[in-house]
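Reading through the structure tokens given below for one structure.
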Amino acid sequence: MIDFAMLLAQDAGFGTMGVGLAMGLAIIGASLGIGRIGGNAVEAIARQPEASGTISTQMLISAALIEGVTVVALILMFLK
Amino acid sequence: MIDFAMLLAQDAGFGTMGVGLAMGLAIIGASLGIGRIGGNAVEAIARQPEASGTISTQMLISAALIEGVTVVALILMFLK
Amino acid sequence: MIDFAMLLAQDAGFGTMGVGLAMGLAIIGASLGIGRIGGNAVEAIARQPEASGTISTQMLISAALIEGVTVVALILMFLK
Amino acid sequence: MIDFAMLLAQDAGFGTMGVGLAMGLAIIGASLGIGRIGGNAVEAIARQPEASGTISTQMLISAALIEGVTVVALILMFLK
Amino acid sequence: MIDFAMLLAQDAGFGTMGVGLAMGLAIIGASLGIGRIGGNAVEAIARQPEASGTISTQMLISAALIEGVTVVALILMFLK
């Protein structure tokens, strides 16, 4: 019984390590993705200031797609 | 019986680590993909503002393809 | 009998880790591929708006090829 | 009883290591993402100083998306 | 009793190692991000000296976003 509890504890250790790495990698990905969209959006507005409304709408839609799937992943990881 | 439970526990530890890494990698991939589409879309709108409707439709279709396959993968990983 | 069960369990641990890594890498690949197609498609439409119908058809065909093979891979990994 | 406490301690060690790596990776990601947006924003303002209002608004929106998902991840990691 | 103290020490060892790596990675990330913003800002001012006020404001805002999330992460790591 004690041995079981021992390895259950060790289990949680590796699991938490994996969840931690996962969250870190997920944020790297999401940030690079949203960063690319946001960076290109401000450059695009500088090139065509009169299209800023359309550009910011498209920026938000695509950034929200990344945000959504990242939050889903974070919650699933946290439940794991 | 106790030994079996021990290693079943250790198993879950490595499994959770793998699932975590998988979710992290999946979000990196999805974000880079959607980020590239979104980034190019806002640049394309800046170059051709009058084509923004067609561009945003195409952006959504291709981004939704990535979003869909990522969500499928996240759910399959979570069930694993 | 107990030893066999032990190693079967340990096996499952590494197996799940491998499956997880595989799914993560698969999504990275698929996303980069579809992302490149979608990103270039919106740029192409901006350069030739009147060709948007043909461009979006070709985009969908090539993106669907990536999507299909990725979903097949995800299912095969999940059954593993 | 002592053995249990021993491995419970070792568990927390691996878990904390994972959480630490996760926070580090998350900050790398968030910084690269916000850095790209901010860097492009100041270049965009230099190219179109009269569009600085719109540019800074879009910069803030996309940077806030990264900031938000990173803080969520940091809190989830801390609770883990 | 001695073994317990030994492994409790080992625990703290892994935890401290993780926190150390985390702080190091966080500073790498924050520096790359703020470095990019600052580097682009001085280039932008060199191209448009009369826009230096607006540029430095935007530089400060985006750099402060990175600074804020990094400090939050450093504090959470320290409490871990």
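A note on names: the letters A, B, ... follow the listed sequences, proteins ahead of strands, and every chain is numbered from 1. Every heavy atom of this structure was used, including side-chain atoms; hydrogens, water molecules and symmetry mates were not.
With a 4.5 Å cut-off on side-chain heavy atoms, Q58(D) and S52(A) do not count as touching. Residues L74(A) and V72(D) are in side-chain contact: their nearest non-hydrogen atoms beyond the backbone lie under 4.5 Å apart.
To the nearest 0.5 angstrom, R47(D) atom CZ is 5.0 Å from E43(A) atom CD. Put simply, CE on M17(D) and CG on L21(A) are 8.5 Å apart, with the number rounded to the nearest 0.5 Å. Once rounded to the nearest 0.5 Å, the distance linking CD1 of I37(A) with CD1 of I66(D) reads 9.5 Å. One finds the CD1 atom of I45(A) at 6.5 Å from the OG1 atom of T54(D) (value rounded to the nearest 0.5 Å). Atom CD1 of residue I27(D) and atom CD1 of residue I27(A) lie 9.0 Å apart, to the nearest 0.5 angstrom.
Scanning both residues, L65(D) and A63(A), for their nearest heavy atoms gives CD1-CB, 3.5 Å. When all heavy atoms are compared, the tightest approach of S62(D) to G38(A) is OG-CA, 3.8 Å. In terms of heavy atoms, L76(D) sits closest to F78(A) at O-CE1, 3.5 Å.
Only the side chain of L60(A) comes within less than 4.5 Å of a heavy atom in chain D; its backbone stays farther off. Proximity to chain D (any heavy atom under 4.5 Å) is restricted, for M59(A), to the side chain, taken from C-beta onward.
The candidate from G20(A), S31(A), S56(A), G33(A) with the greatest count of non-hydrogen atom pairs under 4.5 Å with chain D is S31(A).
Between the side chains of R36(A) and N40(D), no donor N or O sits under 3.5 Å from an acceptor N or O.
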